[in-house]
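I have placed the structure first, in the form of structure tokens, so that the comments after it can refer back to it.
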Protein chains: 2
Amino acid sequence: MSERDFVSAAEVAKRAGVSRSAVSRAFTPGASVSESTRQRVLQAAEELGYQVNHLARGLMRNESGIVCLVVSEVATPYRSALLRELTQQLQIAGKVAMLVNTDRSDGSVDRALQQAIRYRADGSIILSGLPDKSITQLCLRNGQRLVLINRDDDQPGPLRINLNDDEAAGRVVTAFVRAGCTKLAFANSEAGTPSLMAREAGFIAAAKAHGLDVIVERYGWTGYEAGRVVAQRLLTRSERPDAVFCATDLMACGFMDEARHQFSLSIPDQLCVVGFDDIEQASWASYNLTTFAQPVAAIARSAVSWLTGDPSSSGLDGQSVKLHAELVWRGSVRGG
Amino acid sequence: MSERDFVSAAEVAKRAGVSRSAVSRAFTPGASVSESTRQRVLQAAEELGYQVNHLARGLMRNESGIVCLVVSEVATPYRSALLRELTQQLQIAGKVAMLVNTDRSDGSVDRALQQAIRYRADGSIILSGLPDKSITQLCLRNGQRLVLINRDDDQPGPLRINLNDDEAAGRVVTAFVRAGCTKLAFANSEAGTPSLMAREAGFIAAAKAHGLDVIVERYGWTGYEAGRVVAQRLLTRSERPDAVFCATDLMACGFMDEARHQFSLSIPDQLCVVGFDDIEQASWASYNLTTFAQPVAAIARSAVSWLTGDPSSSGLDGQSVKLHAELVWRGSVRGG
DNA sequence: GCAGCATTTGCACACGCTTGCAAAAGCGCT
DNA sequence: AGCGCTTTTGCAAGCGTGTGCAAATGCTGC
């Protein structure tokens, strides 16, 4: 019972009365087989419960059909939404997703990519962290395609997908100004990833263009708790902000909860809030948060289509895609 | 550049001045190699950037190290938390997770399991839906191990992990009664999965034991929106419930938001609410929901340890594990 | 019936690895 | 040195598949 005994193409061949190559071809789209034998093979396969061994196929073809997803904090709303989108797109493209968790430790992403190489993945998509240069080289040298999402690394080779973070941040300032806010604050985390810093920089720059200063507070790792702590700090200042741009929806949720339940502030009357990501909770009645929608579907589509694309047509090298984050107006800013 | 050209064990062998078998053994824990040659091989491998080809290894050993996770609605808080736990445990156990999305369509789970077989996965863990009997047979016949989480199927073979849903539901009734509630309601979805139905049945039974009736309302698929709709229906009844047990935290969040923002009810003063799952949002200040914590870590541990366990010791057959959902007291019920 | 051609089929090798088996090497002892 | 024993090593046979190549088959038009 415990012994693993899969049915092989040879057995199917015998049952169908054809050669083993025939059954191989019957399962290879576009191969040279007559319709009659193809049917006979398929029938025999069905009866025996045969399934092509993708390990062996991958060994021969030198491409496994596996795409490795490297991600930390999978359980976070934005990450899991992106993950859903990616796996769906991959399945549609006939690939299969391999999921590798990373933590904050240094070699974590590198180990994930090693796994990818060991399974001869056709490519890897990195949602968190950055790979070491050496391992990136190793991947590329092996014909592994790499996609970096929202991690701006400047080495050539990988496809880099990013958003217009700074421009988006600029639009927040005009929204705040139009709402009559004057004391702007930015709630960031200490993670310091390029996209977070771009939002901060863009916000500050646009504020300066309006002649406004920005109070910046950073704490923790872009989660709900971090938002509460930052709120705690910002709202106890002598000069209390009347508008906050949070680097992340999760932080915005924490911020709003703290503002309401600990400081009894009313949103948007006394405080305007804008977030980023448009996670599901942003649309919940308790938050009703105006925020920027990450185009997760578009991100996934371009990642997958580049991974599965023809190498000659798309070019394996140093692409950079910039996508647009759309502002979703809800009720956390006055006068939407 | 586009050609995939991995370095093979043969090249490592040549560089290290040993036979190909030696390098194979150097990478196989517990194989018979002298420490000196092992070091030489490892060094050569390092220099060449060699990574064992797990496709070929899996082909030989007839076990790939892949475990397939079959799940729908990955982006849901409870699902993604379970997913995080599972992938972590799998990585610790030296396995790697393959993620397959399913939708509500019928053959969806079956297709996922076919993928698993094609990649000769060592086992599959099913978080959503139920496989067809025939495909289950196929899996088991192939020595694929199967784990079903919260899906009570009674066919022998797979490991079935469940919670004490009905007993838990009973404790909700005593909590409501102690809070002085008399008009009980149960907010369910139309999904009709065994665990949801067990919660409903357990709740009704315990209420009856207290001489109380329960109004049941079912709508949609256990999400936030479903919770709002059910609230809409329940709270417009002539005899408005003063206590609601929601089949799911997500539904509870929707329910609470609707109750507060559309019906201006105060929780827990006018309405007590209990949920199930203990998703992260349940602990957010806006909800502060008393609910049952799914022991996701324990679930993942038992699933993985059974999958990776010695077949002779654990026995491949018909295990059933029942785990305990712990009540987490927060502020959505009076008198916690 | 046969030449000429397109289509289909089978053979055999390759892919990169593991592992049983027997030969070789090391080692402690007389 | 020689024996018996354990450890290490290399050989070669697989694992299940894809695919180039040549042989075989089918088809068309005379």
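Throughout, protein chains are lettered first and strands after them, A, B, ... in sequence-line order, and every chain is numbered starting at 1. Just so you know, these numbers come straight off a predicted model, no measurement behind them.
- To the nearest angstrom, P of D:dT8 lies 14 Å from CZ of B:Arg40.
- In summary, the side chains of A:Gln43 and A:Glu47 do present a donor paired with an acceptor at a separation below 3.5 Å, with no hydrogens or angles considered.
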**Request:** Apply side-chain hydrogen bond (donor to acceptor under 3.5 Å, both in side chains) to the pair A:Asn150 and A:Ser195, showing each step before the final yes or no.
**Result:** CA-CA 6 Å; A:Asn150 274 341; A:Ser195 39; 4.7 Å; no
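- Look at A:Glu35 and A:Arg38 and you find a salt bridge, because one of the NZ, NE, NH1 or NH2 atoms lies within 4.0 Å of a carboxylate O, short of that distance.
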**Request:** Assess whether side chain to side chain contact (heavy atoms under 4.5 Å, CB included) is satisfied between A:Val96 and B:Met98, documenting all intermediate values.
**Result:** CA-CA 7 Å; A:Val96 66; B:Met98 180 172 129; 3.6 Å; yes
**Request:** Show your reasoning for whether side chain to side chain contact (heavy atoms under 4.5 Å, CB included) applies to B:Leu138 and B:Leu113.
**Result:** CA-CA 9 Å; B:Leu138 188 56; B:Leu113 287 180; over 6 Å; no
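- Considering only side-chain N and O atoms, B:Ser34 lies nowhere under 4.0 angstrom from the phosphate OP1 or OP2 of D:dT8.
- Closest heavy-atom contact between B:Tyr50 and B:Ala9: CE1-N, 3.5 Å.
- A sub-4.0 Å separation between OP1 or OP2 of D:dT9 and a side-chain N or O of B:Ser32 is absent.
- If you take CZ of B:Arg38 and P of D:dT7, they are 17 Å apart, rounded to a whole angstrom.
- Remark: P of D:dG10 and NZ of B:Lys14 are 15 Å apart, rounded to the nearest angstrom.
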**Prompt:** Can you give one letter per nucleotide of nucleotides 15-20 of chain C, 5' to 3': B if a protein heavy atom sits under 4.0 Å from the base, S if only from the sugar-phosphate, - if neither?
**Reply:** BBBBBB
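- The CD-P distance, from A:Glu63 to D:dT19, rounds to 10 Å in whole Å.
- Rounded to an integer number of Å, the gap from CD of B:Glu35 to P of D:dT9 is 11 Å.
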